[in-house]
Amino acid sequence: MEIKEERPLNFIERIIEDDLKAGRVPGNKIVTRFPPEPNGYLHIGHIKAICINFGLAEKYGGTCHLRLDDTNPAKEEQEYIDSIKDCIHWLGFDWGEKTYYASDYYDQLFDIAVRLIKEGKAYVDSLSPEEMKEYRGTLTEPGKNSPDRDRSIEENLDLFMRMKNGEFPEGAYTLRAKIDMASPNINMRDPALYRIKYAEHPRTGKKWCIYPMYDYTHPISDAIEGITHSICTLEFEDHRPAYDWATSIDGIEHTPHQYEFARLNINYLLMSKRKLLYLVNNNYVTGWDDPRMPTIAGIRRRGYSPESMKDFVQRVGVAKVESVVDYSLMEFCVREDLNKRAKRLMAVLDPLRIIIDNYPEGQVEYFDAENNPEDPASGTHKVAFTRELFIEKEDFMEVPVKGYHRLYPGNEIRLKHAYYITAQSIEKDENGNIICVHCTYDPESKGGTTADGRKVKGTSHWVSASHSITAEVRQYDKLFKAENPGAATGNYLDDLNPDSLIVIPEARIEEEAKTAKPGDYLQFIRNGYYMADSRDSSPEHLVFNRTVTLKDSWSKMKQKMGI
RNA sequence: UGGGAAGUCGCCAAGCGGUUAAGGCACUGGUUUUUGAUAUCAGCACUCGAAGGUUCGAAUCCUUCCUUCCCAGCCA
């Protein structure tokens, strides 16, 4: 029996259900769209918009279009289109056979513009951008009419055709809607509909030298596609009158409606395309898919699962309040999902040599290690045990602090899946550094339990010194150490975390790690979740990225005790 | 100072005139544990930006005020 999760409807779902109930939706099939401009890589913020639009279509049995809003060829590239598609698929959404492009409507958009001119609702303006700025007025003062506002229809038509035919240089003319230069809403002060731009478009090439503006293109594209609910972010709220203006142009039959929600902000993260670009260009990170980047390509390479991101967005909710979500919620979602699916391996990142004095030299035993205790069906794999082993330096203390129940002289701990061992003596070099710890094991504790049922408080992971492999492990952490990068000094670079990447060139990992491929979710027991790096990992040189740490109440306790 | 929006626990977020003001994250404490993980139990807003008012009854309705965000691209 499926347990349906009870979740209150968000305000958009409520609107949709009302519309459905009232019969306001043609054929009772809602149509949404995800309309990115292909001018960069998708980031975590986009995941929210993707999940809302595709999710709503799924939930109400409608469809969601992928539409590339490609009306500014100066900024757009095919590479971005490909990357956007790839990211949406990674998230597990599909838009069907047809990919929509605003550029597919250029002809229709042009015809509608001609009609507007003929109806006296649009005019060709010769004001320069600087003059236009002046004529537009300010937030508190109304604008004034352009001298070209009353140009004759014939002249407008002629000029517009010549704009299209490439007779004028960029900036010479624009086509503007004749609305109201005194409107309190600046977006309604005769907004530009078309501008001249001699740029090669990724799809239409050099066919056009005039390109339609967002406020004109977007609503009409929605109308053409039969979009019922056009969902965008809050900053477009005061574009809604422009949206409604465009969809009520004579001859446009379908009337979609725009609804706005708060974009996703997460503390410690930067979503600004400009700033991210700066980090890439100045080598603060290795690229757009650097595992520390908040791009979809980055978190994917880092080892985040699409399911966890969808769950995250679900938990954040959809509302109109500008909010900043805690990074810890995202990490929680990643851990929760990975806990259920990650294969457990033992990796020693900071090795300390252990010698089991009473274990026969040259002997190798293979123990069964469960792949995932959360999922018994996932089976087991073999792990080799020998006389010489490595454990984490952290798991041994010559003089234990209060509350420490790992290995220390005289203390007995369990080596996971293997035996109980007791530390006997320490070997040091001339500088007093510990070279190795001599231990004894209890042969009766094979598998990690004893017949007498005695308990040990500590269980450590370990790796055989001879039967383990080395691998590079990249310990990733937050890129910024401030919740709001740049808030303190005005420069976000000041808040860069110098420890956002710590490379461990030669960590020791059990041999089973050889089987791990990029895309396989791993947990290095007691260390965190990891994934083989999709760029740099190879069978000859394994590289693992830390996705996220495990929750660590011990380090919290240490901190509290001031250790 | 024009217009548009928003203010409910540290962070999200339900709530739509009658509830002891959901839930999640975070945090705190206990239990279990062959991961100091996971799991599990318990605690965590006499109060809803503020002040007035309407009402038998207000987070929900009204008034005023306060705070924050967005808008002056031939970007989206």
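This structure is a prediction, so every number in the text was calculated from the model and none was measured. Chain A is the first sequence line, chain B the second, and so forth, proteins listed ahead of strands; every chain is numbered from 1.
Across every strand in view, rU54(B) sits unpaired, with no contact that passes the Watson-Crick or G-U test at under 3.5 angstrom.
For the pair F11(A) CZ and rA13(B) C1', the interatomic distance rounds to 13 Å; values are reported in whole Å. Rounded to whole Å, the distance from NZ on K320(A) to C1' on rU68(B) is 16 Å.
As rounded to the nearest Å, rC9(B) and rA22(B) have P atoms that lie 13 Å from one another. Comparing the C1' positions of rA21(B) and rU60(B) gives a spacing of 11 Å, expressed to the nearest Å. Comparing rC65(B) with rU1(B), their P atoms are spaced 11 Å from each other, to the whole Å. Nucleotides rU32(B) and rG17(B) are separated by 47 Å at their C1' atoms, to the nearest Å. With both ends at atom P, the span from rU19(B) to rA58(B) equals 10 Å, rounded to whole Å.
Residue T71(A) places at least one side-chain N or O closer than 4.0 Å to OP1 or OP2 of rA76(B). For K560(A), a side-chain nitrogen or oxygen approaches OP1 or OP2 of rG29(B) to under 4.0 Å. Contact annotation: S553(A) reaches the phosphate of rA37(B) (side-chain N/O to OP1 or OP2, under 4.0 Å). In terms of phosphate contacts, R195(A) brings a side-chain nitrogen or oxygen within less than 4.0 Å of OP1 or OP2 of rC75(B).
The aromatic ring of W554(A) is stacked on the base of rG36(B), with the two ring centres less than 5.5 Å apart and the planes inclined by under 30°.
If you check rC12(B), rC27(B), rG36(B) against the side chain of K556(A), the one that comes closest is rC27(B).
Between the base of rG2(B) and the side chain of N185(A) there is no donor-acceptor pair shorter than 3.5 Å. At a cut-off of 3.5 angstrom, the base of rC71(B) holds no donor-acceptor pair with the side chain of R189(A). No hydrogens or angles were tested; on distance alone, a donor-acceptor pair under 3.5 Å links the side chain of D238(A) to the base of rG3(B).
For the pair P129(A) and E336(A), both in contact range of RNA chain B, the more 5′-proximal nearest nucleotide belongs to E336(A). Residue-to-nucleotide proximity on RNA chain B shows that, of V316(A) and E141(A), the 5′-proximal contact is made by E141(A).
Taking the six-membered ring wherever Trp is involved, the centroid distance between the rings of Y173(A) and F160(A) does not fall below 6.0 Å.
Rounding to the nearest 0.5 Å gives a distance of 11.0 Å between OH of Y408(A) and CE of M397(A).
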